Amino acid sequence: MADTTGETPVQARCIGDTAIIYASDYLNKLSGERIERECKRQLESGCRALVINFRDTELVNSIGVSILMGVIDAAEQNTAQLIFSDVNSHTAKLFEMLGLTRLVSVAKDENEALALVAPQTNVAGSTS
Amino acid sequence: METNTQRLLHTFAALADLGQEIADTGDFEEMLRASFHLLLGSLAIRRGAVGEYDRERGELRLIAARGLGESPELVLPLASERARHLASLGSSLTLDEARSEAGNFLEDHKDAFASVEIDLLVPLVVRERLIGAVLLGEKATGEKFTEEDLQIVGALARHIGVGIHSHRLLEEVEHKAEENRRLYEGLRAIYKETVHAFAAAIDIKDRYTQGHSVRVGKYSEIIARELGWSDDAVEGIAIAGYLHDIGKLIVDLNVINSPERFNAKESKEMSRHPAAGYEILAPISHPYADIPLMARYHHERLDGNGYPDGLKGDEIPPGAKIVTLADSFDAMTTDRPYRKRLALVDVLADFRANTGTQFEPAVVCAFCRAFLKEIEGTSKEKRLMKLLGKNYEDVESVSPLLTQLISDLDGGAMAATASSH
């Protein structure tokens, strides 16, 4: 989908009805809202599982955490699976300390995340 | 890293981010929403809301909410007794109090929060006044809130309260400033209307010069604008023009309306009017500078032969020099009982003859430029020509004279005359 907001588009790709969304280096209000919008867009377009890849993310601030909680709620409401992958050790500890890991699965990397997702029907990749 | 240290760092970071959000004076509601997210994110709280309390209406208006259902009611009544009670608790209330207030709140708003669990209510209080409230539900950990959690929430809530309070103060200041501006504009309008009434009164007294004061005001305005004066100063000089003859109010009516040229006694009586005008105008706080001085000095001359004080050259305020020329121009271009109005050629000849002795060269030059612009059509408005009226139909014929006078004044020929006096 073309980005009409003038913002840097969120990197995302779909594998079947799983969307993989790439978080930026610093997950704050601005970048968090972009991810939240993208996640909601993917859920609305029928994705049954979301993988948020934190491979580039060095820091998540409080607003970022709050926005991720919103994504968790949205996924729950859509009965979609949500998995975090490639989380660095600092962020992993933060998520654990705050209890996010009770609400969402955390995978070592994208492959592990995809393996956690229920069987796919379509494995052809596309990038947006 | 120890969990406690990490928790502490996360809280400090939240406080620092909150400070930045609150300092941002842009969109108030966006600031409040961001602050609310910071608060939720600091402890990973799953649901809650932040509201602003409207004391006048007795309402809590929710600005941001999460996990309170599809469309939580945004405006909730909050009785003044309850508000006073919450204010007395402040943001540093105990865990039991925060839980108890959450229970009371849910009880008061059963319909709005039928299926929602709210664990804590933290009032936002500044200077013992309720500013708003934060409602908080469960944490992501599933654990109960602790006293330590409440301290963190309390610290963040105090900052949010200050943010709302500052915004309200700013709104109040802006409102007051707008009110003052309107009041000032109103007073200015009254002042101008009063000035016009005075100008009319002055001109009614002198049956031969009806409309003179208003015209002098308008000629002065045209000259000042051509000289590049500010809008405010142009307004001021127009007022000075309207009032320059106010001293005539104390001059004997028979003298003013004498059909003959003044004799020595009458001239003496008449020459009282600039100083008298000053005395009338000086006690008034005018919104423009030097109005009384312009009335006092509009009969002064550059060569020092004017009255009442015989000032010379730069001793005469610039505004008075403008009013002097405007006054003379109107006097020469209107009929008097003892003579008919002068032809423009003769008026300009008078200007040429008296520039540097009576009139300031730069003022004469500005007047000529403004006049020429109107004749040549480079000036959209024809104010000067309208003021001259239909008595002067052949104004175009003086273009060469104006051009020559401007050229002589710009070239310094007339200035040399001025410096010789």
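Letters A, B, ... mirror the listed sequences (proteins, then strands); counts begin at 1. Remember, predicted model here, so these are calculated numbers, not experimental data. Values reported hereafter were calculated over all heavy atoms of this structure, with side chains retained and with hydrogens, waters and symmetry mates removed.
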Handout entry: Nearest-0.5 Å distance, NZ of residue A:K93 to NE2 of residue B:H10
Key = 15.5 Å

Handout entry: Contacting moiety of B:L43, where chain A heavy atoms sit under 4.5 Å
Key = backbone

Problem - Contacting region of B:A14 [heavy-atom separation from chain A under 4.5 Å] - result: both

Problem - A:E36 atom CD, neighbour heavy-atom count above 12 within 6.0 Å - result: yes

Exercise for the section: Count the heavy atoms of every other residue, nucleotide or ligand shown that sit under 6.0 Å from CD of B:E178, and state whether that count exceeds 12. Expected result: yes

Exercise for the section: Answer yes or no: are there more than 12 heavy-atom neighbours, outside B:R129 itself, under 6.0 Å from its atom CZ? Expected result: no

Practice task
Please list, in residue-number order, every residue in residues 130-144 of chain B that has a heavy atom less than 4.5 Å from any heavy atom of chain A; write 'none' if there are none.
Solution key: B:A140, B:T141, B:G142

Problem - Interatomic spacing from CG in A:L103 to CZ in B:R46 - rounded to 0.5 Å - result: 4.5 Å

Practice task
Please indicate whether B:R127 has more than 12 foreign heavy atoms, meaning atoms of other residues, nucleotides or ligands, lying under 6.0 Å from its CZ.
Solution key: no

Problem - Interface moiety of A:L100 toward chain B, non-hydrogen atoms closer than 4.5 Å - result: both

Handout entry: B:H37 vs A:E33, side chain to side chain contact (heavy atoms under 4.5 Å, CB included): CA-CA, chis, key distance, verdict
Key = CA-CA 11 Å; B:H37 276 303; A:E33 282 175 346; 5.6 Å; no

Practice task
Answer yes or no: are there more than 12 heavy-atom neighbours, outside B:E148 itself, under 6.0 Å from its atom CD?
Solution key: no

Exercise for the section: Taking heavy atoms only and a threshold strictly under 4.5 Å, list by residue number the residues of residues 56-68 of chain A that touch chain B; give 'none' if the list is empty. Expected result: A:N61, A:S62, A:I63, A:V65, A:S66, A:I67

Practice task
Walk me through it: do A:L94 and B:Q6 pass the test side chain to side chain contact (heavy atoms under 4.5 Å, CB included)?
Solution key: CA-CA 7 Å; A:L94 180 72; B:Q6 192 168 19; 3.9 Å; yes

Practice task
For atom CD of B:E117, decide whether the heavy atoms of other residues, nucleotides or ligands shown that lie under 6.0 angstrom number more than 12.
Solution key: no

Handout entry: Which atoms of B:I45 approach chain A - backbone, side chain, both or neither, heavy atom under 4.5 Å
Key = backbone

Practice task
Report, as yes or no, whether the 6.0 Å neighbourhood of atom CZ on B:R57 holds more than 12 heavy atoms from other residues, nucleotides or ligands.
Solution key: no

Handout entry: Straight-line distance of A:K29 NZ to B:D17 CG, nearest 0.5 Å
Key = 11.0 Å

